[in-house]
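One structure below.
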Amino acid sequence: MDESRYNPNAIEKKWQAKWDADKLYRSVIDESRPKHYALTMLPYPSGDLHIGHWYAMTPSDARARWMRMRGYNVLFPMGFDAFGLPAENAAIKDGVHPMKRTYANIERMRLQLRSMGAMFDWEREMVSCDPEYYRWTQWFFIQLYKSGLAYRKMSAVDWCPNCNTTLAREQVWGDDRHCERCGTSVIKKDLDQWFFKATKYADELLRFDEIDWPQTVKTLQTKWINRSEGAEVQFPIELESVNWEFGKWETNPMSKSTNPQVTVFTTRPDTLWGATFMVFSPEHPLVDKITTPEQKAAVDEYKAQAARQSDIEREATDKEKTGVFSGAYAINPVNGERIPIWIADYVLMSYGTGAIMAVPAHDERDFAFARKYGLKIIPVIQPEGAPLRLPPNSPNLGGEKDGGYMTEAYVGAGVMVNSAQFNGTKVNTEKGRKNPGIGAVIDWLEQKGIGKESVNYRYRDWLISRQRYWGAPIPMVHCDKHGWNPVPDDQLPVELPEDVEWKPTGESPLKLHPTWKNATCPVCGEPATRETDTMDTFMCSSWYHLRYLSPKYDKGPFDDKEYNYWMPVDTYTGGIEHATMHLLYTRFFHKALRDAGVTEGNEPMMQLRNQGMVLGEDNEKMSKSRGNVVAPDVLVKQYGADTVRAYLMFFARWDMGAPWDSQGIEGSARWIRRTWTLFTDGEKRPLGSSETLKVLRRKVHQTLRRVTTDFENFQFNTIVSSLMELMNEMYKAREAGAVGSTEWAEAQEIYLKMMAPVAPHIAEELWSRIGKPYSIHTQTWPAVDESAAKEDSIEIPVQVNGKVRDRVIVAAEASDEEVKSAALASEHVQKFLEGKEPRKVIVVKGKLVSVVV
RNA sequence: GGGGCGAUGGCGGAAUCGGCAUACGCGGCGGUCUUAAAAACCGCUGGUCUAACGACCAUGUGGGUUCAAGUCCCACUCGCCUCACCA
């Protein structure tokens with residue numbers, strides 16, 4: 001083979017084997033060095049590494065390598081998120097066991113990952129479907145159960161009819177409420193399921209003060225949790241309104257002497273006096289009890305229609321509001337007014353209490369509803385200036401013109417009116433007690449015992465039951481006498497049976513298995529039944545970063561020694577699509593386990609950075625059906641891993657992503673080849689001038705300064721372009737006779753060190769070819785020589801009235817006066833002054849001169 | 001509909017604190033080498049006008065602040081992301 005030609009496949013294979021044999025990337029505890037835990041999101045073993053994986057992992061690897069060169073003891077592990085639906089769905093089709101398929105895929109992807117030349121420590125690999133891994137996933141479930149954070153509840157949950165399983169709220173996407181995995185619209189089912197009490201941590205999850213995460217992720221999580229402050233208020237229902245035969249009131253069993261109460265949540269207790277009707281969700285359990293015989297037919301029909309409607313239709317925001325009168329009345333507790341109770345589907349059973357007080361004057365939805373059905377509107381907040389005017393014939397509003405009158409709800413600031421002793425109280429647009437009107441009313445409600453301050457969240461508890469086979473079995477056993485109990489630790493893991501049948505019945509093979517579910521009760525030892533549901537795979541990925549610490553440890557999920565040294569994760573990188581899923585689950589998980597005494601600290605990952613997405617050449621999302629998928633294996637074969645790495649770092653801003661350009665990679669390939677030529681072409685020229693060498697050295701140190709800050713800031717594209725510039729400069733210097741000088745030797749050394757994190761193989765090869773000791777990857781990152789980086793003379797643009805008219809060259813150290821006179825001495829500048837005296841001359845040191853006439 | 005992010009040559013992008021707009025690369029054009037092509041190398045490459053020196057215009061649109069705006073402020077247009085009757 002021709003040794004002088006750049007042959008990426010040969011040198012990459014050679015160095016990967018050597019690094020492997022030398023355990024160059026093995027990370028072990030070393031108290032003498034500061035640690036750095038760099039983590040990139042682990043892949044699902046789909047069978048092929050995608051260019052998107054390369055895009056996410058390569059810059060993360062480069063930065064981890066850079067941290068290592070800066071003296072940190074770096075942990076950069078890799079593993080597989082191996083449970084999940086695709087493997088099981090494929091099994092139903094072709095009968096290949098998910099275990100077999102998954103491990104075959106992992107085998108293949110390991111090779112592909114190795115071809116990247118990343119510094120993964122493979123001895124720390126974890127695979128979430130390995131029983132030695134999910135043993136601890138189950139153990140964590142039991143810890144949460146023992147902490148009172150896991151509970152079982154019957155409720156209406158989201159069910160994907162295609163995946164045949166329930167989903168967590170986070171896994172239902174879009175306005176058509178489709179399944180995150182397969183895109184099918186979900187339906188509601190009443191099921192008994194396991195939940196984690198994530199809402200207990202809602203307030204803590206809203207605090208981001210300890211972590212350096214992108215604002216967008218913090219905003220998404222904040223919006224997702226959606227804390228709203230307000231009050232709960234009890235509304236008595238008129239005695240005549242209650243259909244007693246329908247059953248008991250839980251709080252007032254068959255007592256006809258006390259009014260039954262219904263609780264509503266409101267963020268606007270200051271508008272209570274304007275509550276002119278109530279609205280119940282069609283699913284509200286009291287609907288049947290309060291509906292009068294005359295209204296029964298209409299209400300039943302409305303309920304049936306609401307149940308028939310899909311969530312899509314029901315949740316369309318711009319849909320006209322519909323509803324039906326129940327015939328019943330409630331009493332507004334603040335003023336004793338008798339107000340009608342309506343049934344409408346714009347009130348959701350899943351938020352608040354499923355019933356609202358309607359204040360049409362100050363709520364848009366209630367206003368629209370009141371106008372449609374001719375209900376009373378009473379303004380209770382009056383803005384400054386022109387008072388709100390009701391339509392003249394309110395409450396009967398049909399067909400009237402609205403000129404000069406209220407045409408929409410007033411939601412701004414103002415003064416309370418029509419509100420008894422609160423008249424005159426100022427109201428602003430703040431939420432909760434920050435609003436003086438709300439604060440005053442809450443105090444009064446609490447004192448009167450008809451309401452209390454309350455906080456509501458949109459955030460739901462985490463539904464983790466999945467009616468599927470390919471997941472970690474929920475380690476619970478049910479006994480007729482003793483109910484649900486966790487499987488004792490010494491019986492973990494509860495392993496998945498291998499001898500199962502794949503039938504497209506929609507039932508989990510675990511449920512259909514003849515014997516697997518037979519167990520004994522941990523309390524009495526009598527026959528009992530295993531839970532046949534498995535856990536959401538997000539449970540597996542909520543703690544994988546902990547398993548990397550000690551993947552073979554069998555006395556616990558991790559070895560404390562490793563935990564104490566490496567945790568928390570210092571830098572976490574991955575896609576933003578997990579903002580309200582994995583990234584929220586893992587924070588909850590860490591906090592819950594902190595309180596159970598398992599983990600330490602408040603947050604698992606201190607710094608988070610998100611990469612963008614590589615689109616297809618057609619500017620569309622890559623997909624097999626579009627035929628625009630870029631295969632990294634092909635590119636590696638054609639160009640070598642170093643070129644692919646360099647191009648992925650160069651071609652777009654990492655946090656933004658961009659469409660793929662198959663021509664563009666030629667530029668990176670050229671850079672790598674030209675670097676090769678620069679270092680291997682031994683052609684000598686007569687030694688050049690000292691100025692040449694000085695200019696070269698200056699460029700080297702300027703580049704080093706830039707590359708260092710760019711690594712710090714995840715600006716990978718400009719790292720590569722700076723190196724390209726330096727290379728061009730080195731070619732010029734070589735032409736001018738720099739080869740053989742100490743400056744040239746230094747340039748070569750620093751250039752390769754800067755290149756090493758980006759293109760580790762060629763950097764190692766050239767490093768050894770210039771006679772340096774193995775390995776470049778254990779070298780120290782060079783320090784910038786600021787005096788060398790400094791320019792001696794600089795070109796200063798001179799502006800006249802804001803336009804650049806000339807450039808003058810001055811010494812870098814020149815005083816403002818010197819620069820000013822040099823600028824004014826310019827003929828060209830004088831021409832534009834047209835003989836006039838400058839009114840003002842602004843000198844910005846080292847930047848420019850601005851002359852104003 | 002609410003919220004967030006963004007818009008710079010033919011394309012991806014660069015521009016630290018408000019201080020030379022278009023770095024670096026792709027593509028294009030011209031050239032060297034070659035029988036030829038590829039590769040490699042050299043030069044040009046935002047627009048308009050000009051023989052040239054050079055002038056004028058240009059960072060989605062319209063205003064504003066400033067000696068100076070891609071960068072700050074206001075309004076709008078388009079695109080992407082996100083939530084979506086949340087009481």
For B:A68, give its Watson-Crick or G-U wobble partner with both distances under 3.5 Å, or none. none
Torsion-based syn/anti label for B:G9, 90° from 0 as limit: syn
Establish, from distance only, whether the side-chain atoms of A:Arg365 and A:Tyr346 form a donor-acceptor pair under 3.5 Å. no
Does the pair A:Glu617 and A:Ser662 meet the rule for a side-chain hydrogen bond (donor to acceptor under 3.5 Å, both in side chains), with working shown? CA-CA 8 Å; A:Glu617 286 199 86; A:Ser662 52; 3.1 Å; yes
Show the atom names and distances, to 0.1 Å, of all donor-acceptor pairs under 3.5 Å that link a side chain in residues 793-811 of chain A to residues at least two apart or in another chain.
unit_1, atom_1, unit_2, atom_2, d
A:Asn801, OD1, A:Val853, N, 3.1
A:Asp806, OD2, A:Ser826, OG, 2.7

Quick one: label A:Asp363 by what it contacts on the DNA or RNA (base, sugar-phosphate, nothing), any heavy atom closer than 4.0 Å. nothing
Could you check whether A:Glu725 pairs with A:Lys699 (Lys NZ or Arg NE/NH1/NH2 to Asp/Glu carboxylate O, under 4.0 Å)? yes
For B:A84, which nucleotide in any strand shown is its Watson-Crick or wobble partner with both distances under 3.5 Å? none
Assess whether side-chain hydrogen bond (donor to acceptor under 3.5 Å, both in side chains) is satisfied between A:Thr680 and A:Tyr6, documenting all intermediate values. CA-CA 9 Å; A:Thr680 55; A:Tyr6 174 55; over 6 Å; no
Distance, C1' atom - from B:G60 to B:C67, rounded to whole angstrom: 27 Å
Would you tabulate the pairs of protein nitrogen or oxygen atoms and nucleotide nitrogen or oxygen atoms of nucleotides 41-47 of chain B closer than 3.5 angstrom?
unit_1, atom_1, unit_2, atom_2, d
B:C41, OP1, A:Arg674, NH1, 2.7

Looking at the rings of A:Tyr751 and A:Phe679, which for Trp means the six-membered one, are their centres under 6.0 Å apart? yes
Can you tell me if A:Arg673 touches the phosphate of B:A40, counting only side-chain N or O atoms and a distance under 4.0 Å to OP1 or OP2? yes
A:Lys820 bridged to A:Glu818 by N-O distance under 4.0 Å: no
On RNA chain B, check which nucleotide each of A:Val720 and A:Gly354 is closest to and give me the residue with the more 5' one. A:Val720
If only side-chain N and O atoms of A:Lys803 are considered, is one of them under 4.0 Å from the OP1 or OP2 phosphate oxygen of B:C57? yes
Regarding A:Arg460, tell me which of base, sugar-phosphate or nothing describes its non-hydrogen contacts under 4.0 Å with the strands shown. nothing
Closest nucleotide among B:A87, B:C20, B:C85 to the A:Ile356 side chain: B:A87
NZ (A:Lys845) with more than 12 external heavy atoms under 6.0 Å: yes
Which residues in residues 215-222 of chain A have at least one heavy atom lying under 4.0 Å from any atom of RNA chain B? A:Thr216, A:Leu220
Distance criterion of 3.5 Å, no angle test: do you see the side chain of A:Lys321 paired donor-to-acceptor with the base of B:C85? yes
Taking only residues two or more places apart in sequence or in another chain, which ones pass side chain to side chain contact (heavy atoms under 4.5 Å, CB included) with A:Pro659? A:Leu615, A:Asn619
Same-atom distance (P) from B:A39 to B:G30, integer angstrom: 16 Å
Looking only at atom P, what distance separates B:C49 and B:A37, rounded to whole Å? 34 Å
Within the structure shown, what part of the strands sits under 4.0 Å from A:Glu795 by heavy-atom distance: base, sugar-phosphate, or nothing? base
Using atom C1' in both nucleotides, what's the gap between B:C26 and B:G13 to the nearest angstrom? 11 Å
Does a side-chain N-to-carboxylate-O contact under 4.0 Å join A:Asp655 and A:Arg609? no
B:C78 pairs with which nucleotide, Watson-Crick or G-U wobble, both distances below 3.5 Å? B:G6
I want to check a possible cation-pi pair here: A:Arg645 against A:Trp54, using under 6.0 Å from ring centre and within 45° of the ring axis as the test. no
Taking the six-membered ring of A:Tyr731 as reference, does the cationic atom of A:Arg674 (NZ for Lys, CZ for Arg) lie under 6.0 Å from its centre and within 45° of its axis? yes
Can you tell me the base-pairing partner of B:G30? Count Watson-Crick or G-U wobble geometry only, both distances below 3.5 Å, and say none if there is no partner. B:C42
Nucleotide paired to B:A55 in any strand shown, Watson-Crick or G-U, under 3.5 Å: B:U48
Please check if the number of heavy atoms outside A:Met727 that lie under 6.0 Å from its CE is greater than 12. yes
Work out how far the P atom of B:G47 is from that of B:U82, and round it to whole angstrom. 38 Å
Do A:Trp342 and A:Phe369 have ring centroids that are under 6.0 Å from one another? yes
Step through it carefully: locate the ring centre of A:Tyr585, locate the ring centre of A:Trp462, and say whether they are under 6.0 Å apart. yes
Under a 3.5 Å cut-off for both distances, is B:A23 Watson-Crick or wobble paired, and to whom? none
Is it true that A:Lys303 and A:Glu283 have a side-chain N and a carboxylate O under 4.0 angstrom from each other? no
Any idea which of B:A23, B:A87, B:C86 is nearest the A:Glu725 side chain? B:A23
Taking only the P atom of each, what is the distance from B:A75 to B:U16 in whole angstrom? 26 Å
B:U16 pairs with which nucleotide, Watson-Crick or G-U wobble, both distances below 3.5 Å? none
Reckon A:Asn728 has a side-chain N or O less than 4.0 Å from the OP1 or OP2 of B:G25? yes
Contact list (N/O, under 3.5 angstrom) for nucleotides 62-70 of chain B vs protein:
unit_1, atom_1, unit_2, atom_2, d
B:C67, O2, A:Ser850, OG, 2.8

Atom C1', compared across B:G19 and B:U66: separation rounded to whole Å: 12 Å
Which nucleotide in B:C85, B:A87, B:C24 has an atom nearest any side-chain atom of A:Phe265: B:A87
Base-pairing assignment for B:U35 (Watson-Crick or G-U wobble, both under 3.5 Å): none
Distances for protein N/O vs nucleotides 8-14 of chain B N/O pairs under 3.5 angstrom?
unit_1, atom_1, unit_2, atom_2, d
B:G12, O2', A:Phe651, O, 2.2
B:G13, O3', A:Asn717, ND2, 3.2
B:A14, OP1, A:Asn717, ND2, 3.0

Name the orientation of the base relative to the sugar in B:C5: syn if the glycosidic angle is within 90° of 0, else anti. anti
